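If you're wondering where the values come from, they're calculated on a predicted model, not measured in any experiment. FYI, the numbering just counts along the sequence from 1.
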Amino acid sequence: MKCQKCGAEIPDGKIYCEHCGAAIQMVPDYSPEDDIAIGAEKEEPDSAPEPVPVHEKEKRPVRRYILPVILLIAAGILAFQASYSLISGRENATEEVESEEIVLLAEPTFSIAPGSYSHTLQVVISHEEISDGHIYYTTDGTTPDADSTLYNRKVYIDEGTTVLRTIFIRNDGQQSMEADGTYEVVFTYPNEPVFSMPSGEYAESFYVTITAGEDSTVYYTTDGQEPDRYSILYTGAIQINPGLTVLQAIAIDSENRESGIEEAIYHVAEPEETGEALEEIPESGE
């Protein structure tokens with residue numbers, strides 16, 4: 001091979017000219033005519049394409065579908081995310097609606113706290129929005145609703161156990177929480193009156209006094225009729241005359257609770273006639 005610059009012979013294996021130091025050009029210079037010749041060869045109909053190796057044929061279809069598959073997977077992921085967001089949004093909206101539906105108004109209040117009492121009660125039920133709705137209640141333990149008793153006066157709680165349950169319903173239909181309470185009323189009744197003289201037989205008349213509790217009033221009868229608050233009011237000792245007397249009395253306290261009836265039966269002897277019969281006085285002139 002000769003140096004393209006100085007024309008000196010270059011031994012095989014050398015990549016520069018030892019004479020002038022120029023680099024050896026290993027690739028021939030580019031010539032446009034060579035491209036034209038190559039293009040003409042490609043257009044020749046008799047030239048057959050080189051066979052493609054089997055492994056290259058198998059690789060080409062795989063490469064062809066890689067991008068569409070990736071795009072399809074990406075589209076599926078995006079669609080899943082969109083669907084999940086939509087479903088989550090609907091669930092959140094549903095939860096918000098349900099939470100709004102179950103919000104209840106404040107419960108009614110009682111003027112007397114539930115508990116045990118020894119006297120009758122009159123309970124006042126109130127609500128902060130009473131001017132915009134109505135209160136309903138039950139006293140038998142059942143759940144109150146719009147068909148229960150309408151509250152328009154004090155609730156009377158008598159002797160025994162009473163379960164008071166109540167709700168408030170606003171005019172727009174919104175309902176309050178339920179208020180409830182158990183009232184146990186156990187009366188303390190006055191003791192029966194006490195007589196100063198027991199039942200029995202007596203030889204002569206006598207007086208009977210009656211005592212009872214300090215806050216009690218005594219009523220009595222002497223004719224065998226059961227006494228009540230409309231009988232004779234006891235104000236002092238009662239005289240028991242000869243004959244048969246059935247004395248009965250009750251005590252009524254300040255709460256108008258009545259005691260049992262106390263009874264005594266008295267037999268008083270009739271007085272015997274004394275003195276001799278008068279002698280007949282003779283007529284004058286005999």
Rounded to the nearest 0.5 Å, what separation is found between the [atom1] atom of [X] and the [atom2] atom of [Y]?
X: Thr221; Y: Glu263; atom1: OG1; atom2: CD; answer: 8.5 Å
X: Thr161; Y: Glu184; atom1: OG1; atom2: CD; answer: 3.0 Å
X: Arg257; Y: Glu159; atom1: CZ; atom2: CD; answer: 8.0 Å

[X]: which residues meet the side-chain contact (heavy atoms from CB on, under 4.5 Å) condition with it, sequence neighbours left out?
X: Asn152; value: none
X: Asp158; value: Thr120, Tyr156, Phe187
X: Thr143; value: Arg165, Glu178

Connecting only ILVMFWY residues whose side-chain heavy atoms lie within less than 4.5 Å of each other, what is the rest of Ile261's hydrophobic cluster?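 Members alongside Ile261: Tyr219, Leu233, Ile250, Ile252.
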Suppose we screen for ring pair (Phe, Tyr, Trp, His ring centres under 6.0 Å). Which residues come up paired with Phe206, at least two apart in sequence or across chains?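 Once residues adjacent in sequence are excluded, the partners of Phe206 under the ring pair (Phe, Tyr, Trp, His ring centres under 6.0 Å) criterion are Tyr202, Tyr266.
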Could you go through residues 122-135 and list every donor-acceptor pair under 3.5 Å that involves a side-chain atom there, pairing it with any protein atom two or more places apart or in another chain?
unit_1, atom_1, unit_2, atom_2, d
Ser126, OG, Thr109, OG1, 2.9
His127, ND1, Glu129, N, 3.0
His127, NE2, Ala106, O, 2.6
Glu129, OE1, Arg170, NH1, 3.3

The criterion is side-chain hydrogen bond (donor to acceptor under 3.5 Å, both in side chains); which residues satisfy it with Asp140, sequence neighbours excluded?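 Scan of Asp140 (side-chain hydrogen bond (donor to acceptor under 3.5 Å, both in side chains), adjacent residues dropped) gives Thr142.
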Results of side-chain hydrogen bond (donor to acceptor under 3.5 Å, both in side chains) for Ser231 - residues two or more places apart only: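 side-chain hydrogen bond (donor to acceptor under 3.5 Å, both in side chains) check on Ser231 returns Asp228.
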Walk me through whether Tyr183 and Leu164 qualify under side chain to side chain contact (heavy atoms under 4.5 Å, CB included). CA-CA 8 Å; Tyr183 296 89; Leu164 180 60; 4.1 Å; yes
Ignoring hydrogens and angles, write down the donor-acceptor pairs under 3.5 Å from the side chains of residues 236-244, residues two or more places apart or on other chains.
unit_1, atom_1, unit_2, atom_2, d
Gln239, NE2, Asn241, OD1, 3.3

Which donor-acceptor pairs under 3.5 Å do the side chains of residues 193-200 make with protein atoms, sequence neighbours left out?
unit_1, atom_1, unit_2, atom_2, d
Ser196, OG, Thr209, N, 2.8
Ser196, OG, Thr209, O, 3.4
Ser196, OG, Thr209, OG1, 3.2
Ser199, OG, Ile265, N, 2.8

For Glu262, which residues count as a salt bridge (charged side-chain N to carboxylate O under 4.0 Å, His left out) partner, sequence neighbours excluded?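 So Glu262 forms no salt bridge (charged side-chain N to carboxylate O under 4.0 Å, His left out) with any residue.
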Set of residues satisfying salt bridge (charged side-chain N to carboxylate O under 4.0 Å, His left out) with respect to Asp180, sequence neighbours excluded: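 So Asp180 forms no salt bridge (charged side-chain N to carboxylate O under 4.0 Å, His left out) with any residue.
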